[in-house]
Amino acid sequence: MYLEPFRVGHPGLEYVSQGWEGWVQTDLDTRNLRSSNAKESEIDRVAASPIHKLGYRVGKQGVSTSTRRTILSNAFTGEIPFIKSDSYMKEWGGPRTSKRLRRIAQLLASNINNCAKRANSMSYQEAIEDWRDDLEWLKRNYYNGVHRFDWPSAKVGR
């Protein structure tokens, strides 16, 4: 898929693209985008975040709260799937590090904020609730009293 590089790493596009195969079709030809000295990873991005690869799903077609929490816990404390790009994976840091927790929290907060801005944000309410609940759970269980980075904020109230 030609637009895959733009979807990957963008929480909003990652979320909406989960709903169907072939989420975008285009005639863009990327063969001319790659210069002779460009690295393969600069063009070919990941297909999903590591927590998505681990099975993390929210909303109407998501997994149960306990399953989401198990996935988030495993993603923070253990190994996550390697997804093509060394630079992308470096953003996630190692198990049990502030960098890993920050990246997971930023992803959830970004998903909340991006969906809340949509004109049809009401259709994402269940997903937003799940992300917000999971973000609060991560903060309570892994951040408070241990880590010192600024916790990401989600701009949606209860």
Side-chain angles (χ1 to χ4, degrees), residues 1-19 21-24 26 28-59 62-63 65 67-117 124 127-128 130-156:
M1 186 180 323
Y2 295 122
L3 291 180
E4 192 72 9
F6 301 101
R7 178 185 73 86
V8 175
H10 187 285
L13 292 177
E14 284 182 356
Y15 176 74
V16 298
S17 68
Q18 292 174 28
E21 286 293 317
W23 66 284
V24 174
T26 182
L28 176 65
D29 184 354
T30 59
R31 287 176 291 188
N32 295 327
L33 295 176
R34 186 176 286 127
S35 69
S36 59
N37 58 1
K39 294 180 182 175
E40 190 74 18
S41 62
E42 291 174 20
I43 303 296
D44 300 326
R45 304 282 182 176
V46 298
S49 73
I51 64 172
H52 180 82
K53 287 279 191 179
L54 290 171
Y56 182 83
R57 306 286 187 284
V58 297
V63 295
T65 300
T67 300
R68 290 194 325 269
R69 306 279 166 81
T70 298
I71 291 167
L72 290 171
S73 182
N74 291 340
F76 174 62
T77 63
E79 296 301 318
I80 55 176
F82 180 84
I83 306 175
K84 279 191 184 180
S85 167
D86 288 330
S87 62
Y88 179 76
M89 294 308 295
K90 284 179 185 174
E91 293 175 18
W92 287 82
R96 298 185 182 273
T97 62
S98 290
K99 193 171 193 177
R100 173 75 57 88
L101 184 59
R102 182 184 313 121
R103 186 61 181 95
I104 295 169
Q106 287 172 337
L107 177 63
L108 299 183
S110 179
N111 286 347
I112 293 166
N113 294 332
N114 288 337
C115 284
K117 292 177 193 173
Y124 293 96
I128 290 169
D130 288 350
W131 284 318
R132 185 176 47 228
D133 291 346
D134 290 345
L135 188 60
E136 290 173 3
W137 179 85
L138 281 171
K139 185 175 185 181
R140 229 180 12 258
N141 288 279
Y142 294 108
Y143 174 80
N144 288 340
V146 179
H147 300 276
R148 296 186 184 264
F149 61 87
D150 289 336
W151 191 253
S153 64
K155 299 180 179 28
V156 178

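The side-chain contact (heavy atoms from CB on, under 4.5 Å) test with S110 singles out one residue from N114, L107, N113, and that residue is N114.
Counting all heavy atoms, side chain and backbone alike, G55 lies closest to V63 at O-CG1, 3.9 Å. Heavy-atom minimum distance, I80 versus L54: CG2-CD1, 4.3 Å. In this structure, P50 and Y88 approach most closely via the heavy-atom pair CD-OH, 3.7 Å. Minimum heavy-atom separation, K99 to E91: CG-O, 3.7 Å. Considering every non-hydrogen atom in both P95 and G78, the closest pair reads CG-O, 3.4 Å.
The CG atom of L72 lies 10.5 Å from the OG1 atom of T77; values are rounded to the nearest 0.5 Å. Here L135 contributes atom CG and Q106 contributes atom CD; the two are 10.5 Å apart, rounded to the nearest 0.5 Å. To the nearest 0.5 angstrom, I83 atom CD1 is 8.0 Å from W92 atom CH2. Rounded to the nearest 0.5 Å, atoms CG (N141) and CZ (F76) are 10.5 Å apart.
Without hydrogens or angle criteria, K53 side chain to F82 main chain gives no donor-acceptor distance under 3.5 Å. Judged by distance alone, with hydrogens and angles left aside, the side-chain atoms of R100 form a donor-acceptor pair with the main-chain N or O of G93 at under 3.5 Å.
Here the side chains of W131 and C115 are in contact, with some heavy-atom distance below 4.5 Å. Taking the side chain as every heavy atom from C-beta outward, V58 and N111 never approach each other to under 4.5 Å.
Pairs passing the salt bridge (charged side-chain N to carboxylate O under 4.0 Å, His left out) check and including a residue from residues 68-78, sequence neighbours excluded, read R68-D130, R68-D134, R69-D134. For residues 142-154, the side-chain hydrogen bond (donor to acceptor under 3.5 Å, both in side chains) pairs, not counting sequence neighbours, are S73-Y142, S98-H147.
Residues satisfying the side-chain contact (heavy atoms from CB on, under 4.5 Å) test with T70, not counting sequence neighbours, are N74.
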